[in-house]
Amino acid sequence: MNDTRTTAPSALDPPATFRNVFAVAEFRVIFASFGIFMIGETVKMLALSVLVYERTGSGLLAALAYVTGFLPHALGGVFLLALADRLPARALIVGYDLLRLAVVAVLATGVLAPPLMLGLVAVVALFGPVSGAARTALLPEVLHGDAYVLGRSLLTVAAGGTQVAGFAVGGLLLGLVGPHGSLWLTAVTCGLCALLVRLGLARRPARVRSVPMPGRERRGAVRETLRVNRELLADRRIRGLLLAQWLPGSLLVGAEGVAVPYAADLGKGASAGVLLMAGAGGMLVGDLLVGRFVAPARRERWTPWLALLLGVPMLAFLARPALMPAAALFAVATAGFAYQLGLARRFLDAVPTERRGQAFGLVSTGMMAMQGLAAAGAGALSELLAPGVVMAIAGAASAAATLLLWPILTPAGRPPHPDGEPRSVGAGRADR
């Protein structure tokens, strides 16, 4: 693998501030367009689900309409991510937004049968991880030093906050203008995203040459994606950092997957929405506090302990806490997702510059796949065990993964595993 790298932010950088980050015009464009994108996507999936249910009366098809982009998103991450580095980022993001606009406009007309609607959405979703990877890979090019880590934190906050806003706006729009009108308004958000990015981001060349090097055959996007995915996963340092980003948090998602049956077991008046909102709130607060107010070096030292925080509070669900204590436990646990900020600098440093887009896309794809598996596994367990026991198992699995990954989660040269034994400088930085 080509090992060309750019200088990554250092753990010794002074903490960035919100003012530092939002002073960068291109970041403001990335942040605003991403927020509009998330709201539009949430409204689209709600409207599509309602539209399919109205036309078919099938709860199964309505559910499929809501999640129809998930599996294609994972497939796009496996087979198409090379495009994130082979195409200029601005053109790629704008092109995807215009494709979304065209598809949403077709859906809004109502001319397609429900199976064709779902198929069209699934095909477009294949390119979602490519656009997302291109956007994420732009961050270290527009934000430098600790501002890059704070920018990552702000995008995470935007993702959670705008999804909540999207549900609220979507519910309001469905009541006011119905699913067709909601889809037309979603088309407007697609056009607005494309316009913001086209006018607000500078044109940058692709990170990977479009012309093959002498003596090398030009590969198609699928072959290139598979090859680079293999090379990234073969690098011990990158593989360890990928697992560290994937496992502790994804295993916790299994607990969220049984929030509905847990709330139902608590009796009348208990709502799973309270638990899920507490979880989202904890994640947002954790990212904001750790990203903004914890110095970079300390943030990295706290990484394994924050990851451990994901799982430990969930063990209390063995005692079947009432709704409000359960919500508090969820909020404390999900605040631990801020551990990923402590890995951001090291992952950026480990990844070759010309493969940043694909590497960031691989993080997202692996996370979605593992979260889906964790939720499905928890759902299967809930057929045999009480939901509270399943939540505790999910927490224990997350904590166990953190302990196994402790040398990777701990920055090189820092002390120690929680068992108190010292470890040598460089442990957990398994370079090739």
Side-chain angles (χ1 to χ4, degrees), residues 29-30 32-49 51-52 64-138 159 162 166 170 179-201 203-204 206 210 220-222 224-225 357-358 360-361 364-365 368:
V29 170
I30 293 172
S33 62
F34 178 66
I36 295 169
F37 166 81
M38 290 298 298
I39 291 174
E41 282 295 287
T42 305
V43 172
K44 181 190 78 175
M45 300 317 295
L46 277 174
L48 183 62
S49 180
L51 186 59
V52 167
L64 287 176
Y66 186 73
V67 300
T68 192
F70 284 24
L71 179 59
H73 189 286
L75 291 175
V78 171
F79 295 109
L80 298 175
L81 276 178
L83 294 173
D85 294 309
R86 290 173 65 164
L87 298 173
R90 187 180 70 176
L92 197 157
I93 297 170
V94 170
Y96 180 62
D97 284 332
L98 293 177
L99 178 62
R100 290 171 52 235
L101 189 158
V103 168
V104 173
V106 171
L107 296 175
T109 64
V111 298
L112 297 180
L116 290 177
M117 288 182 177
L118 300 185
L120 186 60
V121 171
V123 170
V124 175
L126 286 170
F127 300 94
V130 181
S131 175
R135 180 186 291 106
T136 306
L138 276 176
T162 52
H180 292 287
S182 298
L183 288 170
W184 281 118
L185 290 172
T186 300
V188 174
T189 69
C190 297
L192 182 57
C193 284
L195 187 64
L196 278 173
V197 171
R198 177 62 183 82
L199 298 179
L201 294 184
R203 185 183 183 281
R204 292 174 173 83
S210 59
V222 173
E224 182 74 357
T225 300
Q358 184 156 347
F360 285 125
S364 173
T365 298
M368 286 191 68

Quiz item: Could you state the interatomic distance from CG (L98) to CG (L195), rounded to the nearest 0.5 Å?
Solution: 10.0 Å

Quiz item: Among all residues two or more places apart in sequence or in another chain, which pass the ring pair (Phe, Tyr, Trp, His ring centres under 6.0 Å) test with F37?
Solution: none

Exercise. Identify the heavy atoms of Q358 and E224 that sit nearest to each other, and give their distance.
Key: NE2-O, 4.3 Å

Contacts table for residues 113-128: side-chain donor-acceptor under 3.5 angstrom, sequence neighbours left out:
none

Self-check item: Exceeds 12 heavy-atom contacts within 6.0 angstrom, atom CZ of R198
Solution: no

Quiz prompt | Contact summary for I30 and S33, nearest pair of heavy atoms | solution = O-OG, 3.2 Å

Quiz item: Going by heavy atoms in the side chains, are L83 and T225 under 4.5 Å from each other?
Solution: no

Quiz item: Could you give all pairs that pass the salt bridge (charged side-chain N to carboxylate O under 4.0 Å, His left out) test and reach residues 100-118, with sequence neighbours left out?
Solution: E41-R100, D97-R100

Exercise. Output, in order, the C-alpha distance, side-chain angles, deciding distance and verdict of side-chain contact (heavy atoms from CB on, under 4.5 Å) for V106 and L112.
Key: CA-CA 8 Å; V106 171; L112 297 180; 3.7 Å; yes

Quiz item: To the nearest 0.5 Å, how far apart are CG in L183 and SG in C190?
Solution: 10.0 Å

Quiz item: Judged by atom type as modelled, is there a donor-acceptor pair below 3.5 Å linking the side chain of S131 to the main-chain atoms of Y96?
Solution: no

Practice problem: Please report the shortest heavy-atom distance between P129 and G76, naming the atom on each side. | Solution: CG-C, 3.7 Å

Quiz item: Which atom pair, heavy atoms only, marks the closest approach of A47 to P179?
Solution: O-CB, 3.6 Å

Practice problem: Name all pairs fulfilling the salt bridge (charged side-chain N to carboxylate O under 4.0 Å, His left out) condition that reach into residues 126-137, sequence neighbours left out, sorted by first residue then second. | Solution: none

Quiz item: Looking at NZ of K44 and CD1 of I39, how far apart are the two atoms once the value is rounded to the nearest 0.5 Å?
Solution: 14.5 Å

Quiz item: Looking only at heavy atoms, what is the nearest atom pair of T186 and G40, with distance?
Solution: CG2-O, 3.3 Å

Practice problem: Mind checking side-chain contact (heavy atoms from CB on, under 4.5 Å) for I36 and listing every partner two or more places apart, or none if nothing turns up? | Solution: T189, L192, C193, L196

Quiz prompt | Over all atoms of both residues, closest heavy-atom pair of H180 and A108 | solution = ND1-O, 2.9 Å

Quiz item: With sequence neighbours excluded, what pairs up with A89 under the side-chain contact (heavy atoms from CB on, under 4.5 Å) test?
Solution: A134, L138

